[in-house]
Amino acid sequence: MTSSQLGDVFNEAGSVISVEIVYDRVTDRSRGFAFVTMGSVQEAKEAIRMFDGSQVGGRTVKVNFPEVPRGGERAVMGPKIRSSYRGFVDSPYKIYAGNLSWRLTSEGLRDAFADHPGLLGAKVIYERESGRSRGFGFLSFASAENAESALNAMNEVEVEGRPLRLNLAAVRAPPAPSPGPGLERNVDNSELISSIST
DNA sequence: CCTGAGCGC
């Protein structure tokens with residue numbers, strides 16, 4: 001089974017952000033499982049509900065959260081601290097939102113866009129030391145189309161008394177040079193692990 | 001830096 005076929009299956013439970021079938025380093029054969037990143041924890045739960053124990057590609061599959069998520073179970077389901085920043089779901093389709101009120105939080109930003117399809121996450125950027133808002137933030141979407149239509153609908157719309165200045169987000173700077181041996185796998189808190197073989 | 005352009009740690 002290909003990752004794109006697997007993605008098609010999981011799309012029935014919500015927005016699939018990425019699919020990564022794990023292969024054996026030497027034999028290049030599928031190891032029989034994959035990581036599927038869904039757009040939200042909610043959608044991840046839905047995928048588990050729908051597909052755990054079901055037939056996929058002619059096999060009975062197991063679908064569940066990764067066994068040892070980064071930070072442990074508490075971090076996965078635990079309460080948010082200051083904003084939806086911790087729960088921010090990234091995607092390649094992002095809007096830059098500027099001219100934000102100093103008091104607008106990530107949740108406030110998310111709420112302002114709540115009606116728009118495909119919204120995955122919102123975050124306001126804060127200064128590290130002072131904790132003050134830097135007056136801008138980002139919104140991530142499931143698709144380029146979703147991002148564009150939200151941008152068109154919300155640009156210059158007033159939120160907390162100030163008109164939003166929206167743009168498609170610039171392509172992010174390259175990831176920082178990795179310091180150590182790169183054995184870390186990117187296990188996100190909305191990923192699923194499933195046993196699926198070809 | 002009690003701020004108003006800024007593209008994230």
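Below, all heavy atoms of this structure are taken into account, side chains as well, without hydrogens, waters or symmetry copies. Numbered from 1 within each chain, the chains take letters A, B, ... in sequence-line order.
Residue contacts for A/L100: at a heavy-atom cut-off of 4.0 Å it reaches a base atom on one of the strands shown. The residue A/L168 sits close to a base: some heavy atom pair falls under 4.0 Å. When heavy atoms are screened at a 4.0 angstrom cut-off, A/G135 is found touching base atoms of the nucleic acid.
Nucleotide B/dA5 holds its C1' atom 16 Å from the CG atom of A/L164, rounded to whole Å. For the pair A/Y96 OH and B/dA5 P, the interatomic distance rounds to 11 Å; values are reported in whole Å. Counting to the nearest Å, the P atom of B/dG6 and the CG atom of A/L166 are 15 Å from each other. Between the CD atom of A/E127 and the P atom of B/dC1 there is a distance of 9 Å, given to the nearest Å. Across the protein-nucleic acid pair, A/I95 atom CD1 and B/dG8 atom P stand 17 Å apart, rounded to whole Å. Atom CZ of A/R162 and atom C1' of B/dG6 are 13 Å apart (whole Å). Between A/R103 atom CZ and B/dT3 atom P there is a gap of 13 Å when expressed in whole angstrom units. Note: NZ (A/K123) to P (B/dG6) measures 20 Å, nearest angstrom.
Here, B/dG8 and B/dT3 have their P atoms 23 Å apart, quoted to the whole Å. Taking the C1' atoms as reference points, B/dC2 lies 24 Å from B/dC7, given to the whole Å.
The side chain of A/R132 sits closest to B/dT3 out of B/dG8, B/dG6, B/dT3. In this structure, the nucleotide among B/dT3, B/dG6, B/dG8 sitting nearest to the side chain of A/F138 is B/dG8.
Looking only at atom types and distance, the side chain of A/N152 has no donor-acceptor partner in the side chain of A/S149 under 3.5 Å away.
Each of A/R134 and A/S130 was matched to the nucleotide of DNA chain B holding its nearest heavy atom; the match closer to the 5' end belongs to A/S130. Ranked by how close their nearest DNA chain B nucleotide is to the 5' end, A/S101 and A/V171 are led by A/S101.
The pair A/E107-A/R110 fails the salt-bridge criterion, with no side-chain N (NZ, NE, NH1 or NH2) lying under 4.0 Å from an Asp/Glu carboxylate O.
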Item to complete: Check step by step if side-chain contact (heavy atoms from CB on, under 4.5 Å) holds for A/M38 and A/V16.
Response: CA-CA 5 Å; A/M38 301 297 291; A/V16 171; 3.9 Å; yes
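Within a 6.0 Å sphere centred on CD of A/Q5, heavy atoms belonging to other residues, nucleotides or ligands number more than 12.
Counting all heavy atoms, side chain and backbone alike, A/G118 lies closest to A/N146 at CA-ND2, 3.3 Å.
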